[in-house]
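Everything numeric in this text was worked out from a predicted model, so none of it was measured. Every number for a ligand or one of its atoms is a count from 1 in the order of the listing. The figures here come from the full heavy-atom set of this structure, side chains too, leaving out hydrogens, waters and symmetry mates.
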Amino acid sequence: MRRVLCKGERLGLRDVTEADVAALHAVYGDPAATQHTPFTPRDLHEVTALVQQAMEAARAEPRRLYVLAVIDAEHHGVIGVARLRIEADHPHSAEIGFGLHPGQWGRGIGTDLVRLLLKFGFKQLGLHRIWGARSPANLPAQLAMLTAGMVEEGRIRHHVHTPHGWRDSIVHSALEDEWTER
Ligand SMILES: CC(C)(COP(=O)(O)OP(=O)(O)OC[C@H]1O[C@@H](n2cnc3c(N)ncnc32)[C@H](O)[C@@H]1OP(=O)(O)O)[C@@H](O)C(=O)NCCC(=O)NCCS
C-alpha cells in the first residue's frame with residue numbers, strides 16, 4: 001500500500017508530511033502528552049527528523065511503518081498522531097501507538113482513534129493481530145483500548161527504559177476474527 005487515507009465519523013488518518021511538523025510537535029513536545037511515554041518531550045528538531053524518517057519508511061517495500069496524522073473530520077486540522085508498525089518476523093501482527101493533543105482529551109476521540117486504527121489494520125492492511133503496550137499508570141489509554149475492544153493480555157516486566165528507570169508495560173490486543181467494527 002502506498003498512500004494511506006482512512007476515514008471515520010469524527011476522524012481521519014493520512015500519511016504525515018513535512019507540513020505536519022508543528023502539529024506533531026504540539027503532541028510529541030507536550031509534557032502532559034508524553035507523561036506515560038518512554039521518552040521526554042521532543043524538540044522541534046527531533047520531530048522534524050521523525051517526520052523525515054516516517055516519509056522514508058512510507059516509500060519502503062514492503063512497507064512496515066505507518067506514521068499517520070490524525071485529522072479532525074470537521075475542521076480538517078491535525079489533532080494527533082498514530083503509529084502502526086508491522087513486525088518484520090510476524091507480518092500478520094502490528095503494534096500501534098497513538099497520542100492526541102491535550103486540548104482534545106476527554107471527548108471519546110481517543111477511543112474513536114483506536115477503533116479507526118483497528119479498522120485500518122484489519123480491513124486495509126489485512127492484519128490478523130494488532131497490539132499496543134501502555135504504561136500501567138495510563139488509565140485513559142487503558143480505557144480507550146478496552147472500550148475499542150482490545151483485551152488486556154498481560155504485563156511485560158521492565159519493557160522500556162524511561163528517564164525515571166525501568167518501566168513495565170501492559171499489553172492489549174485485538175484479533176481480526178474476534179473484532180467487530182462499531
Ligand atoms: C490516551 C489518549 C489518546 C486518550 O484520549 P481521550 O480522547 O482522552 O480518550 P477518551 O475520551 O476516548 O477516553 C477514554 C477513557 O478514558 C477516560 N479518561 C479520559 N481522561 C481521563 C483521565 N484524565 N482520568 C481518568 N480517566 C480518563 C474516559 O472517561 C474514557 O473512559 P470511558 O470509556 O469509561 O468513558 C490521550 O489521553 C493521549 O493522547 N494521551 C497521551 C499519549 C498516550 O498516552 N498515548 C497512549 C500510548 S499507549
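Per-atom contact check: atom 1 (C) of ligand 1 touches the protein, criterion being a heavy-atom distance below 4.0 Å.
Residue contacts with ligand 1 leave out Gly97, since none of its heavy atoms falls under 4.0 Å from the ligand. Proximity of Ser135 to ligand 1 is not established, as no heavy-atom distance is less than 4.0 Å.
Atom 39 (O) of ligand 1 has as its closest protein heavy atom Leu100 N, 2.7 Å. Protein heavy atom at the shortest distance from atom 42 (C) of ligand 1 is Ala33 O, 3.4 Å. For atom 33 (O) of ligand 1, the closest non-hydrogen atom of the protein is Thr147 OG1, 3.2 Å. When hydrogens are left out, the protein atom nearest atom 26 (N) of ligand 1 is Leu139 CD2, 4.0 Å; that is the closest non-hydrogen contact. Looking only at heavy atoms of the protein, atom 40 (N) of ligand 1 is closest to Trp105 CZ2, 3.5 Å.
Leu117 CG to Phe98 CZ: the interatomic distance, rounded to the nearest 0.5 Å, is 7.5 Å. Here CD of Gln124 is found 8.5 Å from CG of Leu13. Values are rounded to the nearest 0.5 Å.
Checking Thr34, Leu146, Val81, Leu143 against atom 17 (C) of ligand 1, the nearest heavy atom belongs to Leu143. Considering each of Gly110, Gly99, Gly106, the one bringing a non-hydrogen atom nearest atom 8 (O) of ligand 1 is Gly106. Of the candidates Gly108, Gly80, Pro140, it is Pro140 that places a heavy atom closest to atom 23 (N) of ligand 1.
For ligand 1, the polar-atom distance check against Arg107 finds a nitrogen or oxygen pair separated by under 3.5 Å. At a 3.5 angstrom cut-off on N or O pairs, Arg134 does not count as close to ligand 1. For ligand 1, the polar-atom distance check against Ala32 finds no nitrogen or oxygen pair separated by under 3.5 Å. In terms of N/O distances under 3.5 Å, ligand 1 is approached by Phe98.
Applying the salt bridge (Lys or Arg N to Asp or Glu O under 4.0 Å) test to every pair with at least one member in residues 22-46, sequence neighbours left out, gives no pairs at all.
Of the charged side-chain nitrogens involved, none lies within less than 4.0 Å of a carboxylate oxygen, so that Glu95 and Arg83 do not count as a salt-bridged pair.
Classified by interplanar angle (parallel below 30°, tilted 30° to 60°, perpendicular above 60°), the ring pair Phe122/Trp179 is tilted.
Taking a cut-off of under 4.0 Å to the non-hydrogen atoms of Ala133, the atoms of ligand 1 that pass are 48 (S).
Other residues, nucleotides and ligands contribute more than 12 heavy atoms inside 6.0 Å of the NE2 atom of His161. No more than 12 heavy atoms of other residues, nucleotides or ligands sit less than 6.0 Å from atom CD of Glu74.
Contact annotation for Asn138 and ligand 1: only side-chain heavy atoms (C-beta onward) come within less than 4.0 Å of the ligand. With a 4.0 Å cut-off on non-hydrogen atoms, Thr111 touches ligand 1 through its backbone as well as its side chain.
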| request: Could you walk me through whether Cys6 and Leu116 pass the side chain to side chain contact (heavy atoms under 4.5 Å, CB included) test, one step at a time? | output: CA-CA 8 Å; Cys6 183; Leu116 194 57; 3.7 Å; yes
| Between Arg134 and Glu152, is a salt bridge (charged side-chain N to carboxylate O under 4.0 Å, His left out) present by the stated rule, with each step listed? | CA-CA 10 Å; Arg134 64 166 172 89; Glu152 274 189 21; 2.9 Å; yes
| task | Verify side chain to side chain contact (heavy atoms under 4.5 Å, CB included) between Val16 and Leu24, making sure each step is shown before the conclusion. | result | CA-CA 9 Å; Val16 292; Leu24 265 55; 3.9 Å; yes
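For Asn138 (side chain) and Ser135 (main-chain N/O), no donor-acceptor pair under 3.5 Å exists by modelled atom type.
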